[in-house]
K.L.:
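So that we are looking at the same thing, I have put the structure below in C-alpha cells.
Here, residue 1 is the first one in the sequence, and each next residue gets the next number.
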Amino acid sequence: MLLENKVAIVTGGSRGIGRAIALACAREGADVVINYWSDNDASYGRRAAIDEVIRDVEASGRRAVAVEGNVALPQTGVDLVRHAVEAFGKVDVLASNAGICPFHAFLDMPPSVLERTIGVNLNGAFYVTQAVARQMKEQGTGGAIVATSSISALVGGGMQTHYTPTKAGVHSLMQSCAIALGPYGIRCNSVMPGTIATDLNAEDLEDSEKRAYFERRIPLGRLGAPDEVADCVVFLASDLARYVTGAALLVDGGMFVNLQ
C-alpha cells in the first residue's frame, strides 16, 4: 500500500495510461479524483469510460470522484483541487497525464492543430501543476507531482512536429518545478513512455508492419502495457522515491537506447 491514505488527482484518467494510473493509485491505497474530457471520449460514449473507471476504483475499496474539464483551461486545475479538498480534505499526489497526439504532416499543419496540442499537453500540465502545488504549499505537508512526458521528448517524429515539443516541455516543466517547489517538500518528476498499446493507438498499430517494426526496435521484444507505466508513476509518487525529484524515468522497454 504505497499510497495508503493519500489523495491523488489524475488528469486524462478515463482511458489508456491515465485509467491505469488511477487504478494503480487506488490499489495502493489512495482515493482518487479523476479528470476527463467528454470530447475526447465521444467515440466511446460520453460517460461510459469514466463511469467504468469509477466502478473499478470503488471495487478496489477506495473512493473516487470524476471531474469533467478541459485541462487547457486554467479553471480546470482550480476545479480539480476544489473537488479533491471538498471530497477528501487534501491533495497529496498529482499525476498530470492528459495529452493528445493528432498525427499531422508539418508543411500543411493548420495553426488550430498546433494550438490545441500545446494547449492540452503543455499549458494543461502547467495549469494543473500550478493549482495543485498551491494547495500542497498551503497544506504544508509536501507532495508528489508526476507528469506523463514521452520518449518523444528525446527524439523527433515527422508527423509529430507539434507533439514532440510539448512533451519536451513537460519534461522541462518538471525539472524547473522540482527547483521551484523543493523548498515546500514537493517533488516533481516525469515518466517517459515509449510505445504503449492502448485503445487510443490501436488503429494505428493494426498495421502489422508498423507493429513489427516497433517490436524489433524494443530490446524487450514487445510493446508496453498501460499498467507498466502506471506502476512507475506510483513509485515516483510514493515514499520509495522520497529523495527523487527533477528526474525523468524512461518506460520504453529499452527502445530509446537501441540505436542499431
K.L.:
Which pair of heavy atoms, one from Val113 and one from Met109, lies closest together, and at what distance?
P.N.:
CB-CG, 4.0 Å
K.L.:
Measure from the side-chain N and O atoms of His104 to the backbone N and O of Leu114, and report whether any donor-acceptor pair falls under 3.5 Å.
P.N.:
no
K.L.:
Could you tell me which non-hydrogen atom of Pro226 sits nearest to which non-hydrogen atom of Ala197, and how far apart they are?
P.N.:
CD-O, 3.4 Å
K.L.:
Check whether Thr245 reaches the backbone of Cys188 with its side chain - one donor and one acceptor, N or O, closer than 3.5 Å.
P.N.:
yes
K.L.:
Is there a path of hydrophobic side-chain contacts, each under 4.5 Å between heavy atoms of I/L/V/M/F/W/Y residues, joining Val170 to Ile17?
P.N.:
no
K.L.:
So with a 6.0 Å cut-off around NZ of Lys90, is the heavy-atom count from everything else above 12?
P.N.:
yes
K.L.:
Run the side chain to side chain donor-acceptor pair (under 3.5 Å) check on Thr148 and Asn97 step by step: do they pass?
P.N.:
CA-CA 5 Å; Thr148 302; Asn97 169 79; 3.0 Å; yes
K.L.:
With a 4.5 Å cut-off on side-chain heavy-atom distances among I, L, V, M, F, W and Y, is there a chain of contacts connecting Val81 to Tyr184?
P.N.:
yes
K.L.:
For the side chain of Ser172 and the backbone of Ala168, is there at least one donor-acceptor N/O pair under 3.5 Å apart?
P.N.:
no
K.L.:
If I compare all heavy atoms of Val32 with all of Ile34, which pair ends up nearest, and what's the gap?
P.N.:
CG1-CG1, 3.5 Å
K.L.:
Could you go through Trp37 and Val71, starting from their C-alpha distance and side-chain angles, then the distance that decides it, and tell me whether this counts as side-chain contact (heavy atoms from CB on, under 4.5 Å)?
P.N.:
CA-CA 8 Å; Trp37 182 228; Val71 295; over 6 Å; no
K.L.:
For Leu236, is there any backbone N or O sitting under 3.5 Å from a side-chain donor or acceptor partner on Arg187?
P.N.:
yes
K.L.:
Please answer whether the main-chain N or O of Ala72 pairs with a side-chain N or O of Asn123 as donor and acceptor at a distance below 3.5 Å.
P.N.:
no
K.L.:
Answer yes or no: is there a donor N or O on one side and an acceptor on the other, between the side chain of Asp92 and the main chain of Val7, under 3.5 Å?
P.N.:
yes
K.L.:
Can you name the closest pair of heavy atoms from Ser149 and Pro193 and give their distance?
P.N.:
O-CD, 3.4 Å
K.L.:
Short question: side chain of Ser238, backbone of Phe235 - any donor-acceptor pair under 3.5 Å?
P.N.:
yes
K.L.:
Given the rule in the side-chain contact (heavy atoms from CB on, under 4.5 Å) test, do Arg82 and Val78 qualify, once you have shown the distances and angles that lead to the verdict?
P.N.:
CA-CA 6 Å; Arg82 176 174 56 83; Val78 175; 5.5 Å; no
K.L.:
Examine distances only and state if a side-chain atom of Thr11 and a backbone atom of Ala98 form a donor-acceptor pair shorter than 3.5 Å.
P.N.:
yes
K.L.:
Let me confirm one number: the CZ-OG1 distance from Arg217 to Thr195, rounded to the nearest 0.5 Å.
P.N.:
8.5 Å
K.L.:
When hydrophobic residues are tied together by side-chain contacts of less than 4.5 Å, even through go-betweens, does Leu73 share a cluster with Ile118?
P.N.:
no
K.L.:
Test salt bridge (charged side-chain N to carboxylate O under 4.0 Å, His left out) on Lys6 and Glu28; report intermediate values, then the result.
P.N.:
CA-CA 9 Å; Lys6 302 285 189 182; Glu28 293 296 337; over 6 Å; no
K.L.:
When you group the ILVMFWY residues by side-chain heavy-atom contacts below 4.5 Å and let the links chain together, are Leu220 and Phe256 in the same group?
P.N.:
yes
K.L.:
If we check side chain to side chain contact (heavy atoms under 4.5 Å, CB included) with Leu223, which of these qualifies: Ile196, Ile218, Asp252?
P.N.:
Ile218
K.L.:
Evaluate side-chain contact (heavy atoms from CB on, under 4.5 Å) for Asp56 paired with Ser60, printing each intermediate quantity in order.
P.N.:
CA-CA 7 Å; Asp56 289 345; Ser60 71; over 6 Å; no
K.L.:
Does a sphere of radius 6.0 Å around CD in Gln130 hold more than 12 heavy atoms from other residues, nucleotides or ligands, not counting ones at 6.0 Å or beyond?
P.N.:
yes
K.L.:
Do you reckon Tyr163 sits in the same ILVMFWY cluster as Ile151, going by side-chain contacts under 4.5 Å, direct or chained?
P.N.:
no
K.L.:
Would you compute the distance between atom CG of Asp31 and atom CD of Glu58 and round it to the nearest 0.5 angstrom?
P.N.:
10.0 Å
K.L.:
Of all the heavy-atom pairs spanning Val57 and Ala22, show the shortest one and how long it is.
P.N.:
CG2-O, 4.3 Å
K.L.:
Would you check if Val10 and Val233 make a side-chain contact, meaning some heavy-atom pair closer than 4.5 Å?
P.N.:
no
K.L.:
Is it the case that the side chain of Asn189 and the backbone of Val244 share a donor-acceptor pair, with hydrogens and angles ignored and the cut-off at 3.5 Å?
P.N.:
yes
K.L.:
Roughly how far, to the nearest 0.5 Å, is CD1 of Ile54 from CZ of Arg63?
P.N.:
12.5 Å
K.L.:
Test of understanding: with side chain to side chain donor-acceptor pair (under 3.5 Å), list the residues that count as partners of Gln139, not counting sequence neighbours.
P.N.:
Gln135
K.L.:
Please walk me through it: do Cys177 and Ile145 pass side-chain contact (heavy atoms from CB on, under 4.5 Å)?
P.N.:
CA-CA 9 Å; Cys177 285; Ile145 296 171; over 6 Å; no
K.L.:
May I ask you to decide if Asn70's main-chain N or O and Thr76's side chain share a donor-acceptor pair within less than 3.5 Å?
P.N.:
yes
K.L.:
Which heavy atom of Ala26 sits nearest a heavy atom of Arg62, and at what distance?
P.N.:
O-CG, 3.2 Å
K.L.:
Below 4.5 Å, heavy atoms only, C-beta onward: do Gln175 and His171 meet side chain to side chain?
P.N.:
yes
